There are 2 protein chains.
Amino acid sequence: MSDTRQRLIDGAVQTVRDHGFGGASARAIAATAGVNQALVFYHFGSVNELLRAACVTATEERVQTFLHRLDEVTDLRALLSVGRELHTEERALGHVTLMAQMLAGAQSDPNLAEWTAFALNLWIEPVERTMRRLLADSPVADVIDIPGLTRAVCAGFVGLELFEGVDPAGAESALDALDRLGALVEVVEDMGPVARRALRAKLRRSERKKGEPPRPG
Amino acid sequence: MSDTRQRLIDGAVQTVRDHGFGGASARAIAATAGVNQALVFYHFGSVNELLRAACVTATEERVQTFLHRLDEVTDLRALLSVGRELHTEERALGHVTLMAQMLAGAQSDPNLAEWTAFALNLWIEPVERTMRRLLADSPVADVIDIPGLTRAVCAGFVGLELFEGVDPAGAESALDALDRLGALVEVVEDMGPVARRALRAKLRRSERKKGEPPRPG
DNA sequence: GTCTATACAACGATAGAC
DNA sequence: GTCTATCGTTGTATAGAC
């Protein structure tokens with residue numbers, strides 16, 4: 001791949017991280033990358049196309065480095081811990097910020113929305129596989145919807161990322177609270193067979209009590 | 001309050017909802033509000049000041065209409081249900097979208113960040129009070145950090161709001177998954193005194209096992 | 001592939017008439 | 001308080017020399 005192309009992609013990531021989606025103009029990105037402004041249009045055609053490429057390729061690179069860490073995870077609390085590592089490292093590198101900014105910008109741009117969803121799915125899929133593995137023999141496995149829960153967790157992390165930008169202390173307390181919640185889930189996970197059966201029965205009754213959720217499968 | 005002032009605030013909310021934070025120029029807002037572009041600067045001094053005012057006042061209005069609904073909530077699953085109502089109604093009105101866009105825009109504007117955090121706290125505080133009330137006599141009350149958990153939940157909702165913009169089906173499945181998770185929490189809540197004591201003991205042991213979380217109080 | 005120069009649009013903001 | 005008119009800036013994008 002051309003050197004200039006890569007410099008522009010890296011420059012786009014850094015510019016979005018430092019100056020937000022709105023501040024990521026062709027001039028600003030080119031200045032960060034140390035190349036001429038016109039090259040943005042030569043290599044990518046438009047600023048949005050550059051941002052799209054930056055979002056997808058940067059995400060692909062980062063997901064790759066996290067795959068083996070996810071494979072090593074053996075319980076939910078460890079998954080949350082990896083999530084927190086990810087949060088810290090990615091914040092420094094600016095890739096989750098890029099994702100959050102892409103999501104915000106994509107709200108009113110259907111074309112951008114499509115590619116943002118694609119990039120986000122690069123994160124969602126391995127996390128979903130990990131959650132499926134961890135919850136395979138859990139007493140709650142047949143009552144929770146793993147694809148949906150995975151998306152809730154990933155979307156929640158993006159929200160936390162944005163929240164940290166306006167209230168760092170609040171975001172830290174939120175992550176700590178989730179860690180404590182992880183302890184609670186761990187306790188449920190560690191239950192003996194008798195208690196598990198009791199929980200299972202209770203869950204089924206509770207399920208019937210309420211109106212059927214839209215996605216029973 | 002001046003009619004034009006209010007029209008501009010309403011126009012700002014609607015413009016951000018329809019065209020995003022980046023598309024909310026003085027001209028675009030004024031066109032939506034049906035007033036002259038120069039009046040933005042006469043009444044608010046700058047576009048950012050108008051957006052700030054719109055964010056704060058619109059949030060104040062909406063929070064007011066949700067206070068009594070929160071007071072009527074008696075369990076966590078009902079709180080989640082109110083959250084989902086809020087999500088649906090606010091999405092239609094565009095106020096959560098406004099908040100999400102403010103959060104994204106505030107990432108690289110400290111002044112905006114301050115006011116966005118203020119507006120977000122207008123939501124956080126009543127939710128925190130409600131959670132504190134609901135969890136007062138729960139077996140997990142002394143192991144979870146309510147302020148942190150509240151912030152995690154509120155930030156998570158913002159993330160879901162953004163996620164819905166790029167993947168509506170995924171966001172719906174995420175909300176359904178949270179509803180099912182609510183059933184699980186409900187089961188824990190409904191435990192008898194013996195089981196509660198056992199859980200409490202397990203939680204304390206689990207707490208010691210791990211490194212002390214940063215916020216023990 | 002990379003540069004300079006530039007056309008053209010949109011923007012924030014202000015001055016001044018009414 | 002509201003309008004018109006306008007200035008200066010910034011941004012996207014292209015043409016053409018090298």
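Just so we're clear, the structure is a prediction, and the values are computed from it rather than from any experiment. The basis for the numbers below is simple: all heavy atoms, side chains too, and nothing from hydrogens, waters or symmetry mates. Below, read A as the first sequence line, B as the second, and so on, with proteins coming before strands; counting in each chain starts at 1.
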Determine which pairs satisfy salt bridge (Lys or Arg N to Asp or Glu O under 4.0 Å) with at least one residue from residues 97-117 of chain B, sequence neighbours left out, and list them in order.
none
Could you pull out every donor-acceptor pair under 3.5 Å between side chains of residues 11-22 of chain B and any protein atom, sequence neighbours left out?
unit_1, atom_1, unit_2, atom_2, d
B:Thr15, OG1, B:Gly11, O, 2.6
B:Thr15, OG1, B:Thr32, OG1, 3.0
B:Arg17, NH1, B:Ala92, O, 3.0

Would you give a per-nucleotide map of nucleotides 2-18 of chain D, 5' to 3', where B means the base has a protein non-hydrogen atom under 4.0 Å away, S means only the sugar-phosphate does, and - means neither?
BBB------BBBB----
My understanding is that only residues two or more places apart in sequence, or in another chain, count here; which of them pass side chain to side chain contact (heavy atoms under 4.5 Å, CB included) with [X]?
X: A:Val96; answer: A:Leu86, A:Glu90, A:Glu161
X: B:Thr4; answer: B:Ser2, B:Leu8, B:Val35, B:Leu39, B:His43
X: B:Asn121; answer: B:Ile124, B:Glu125, B:Arg151

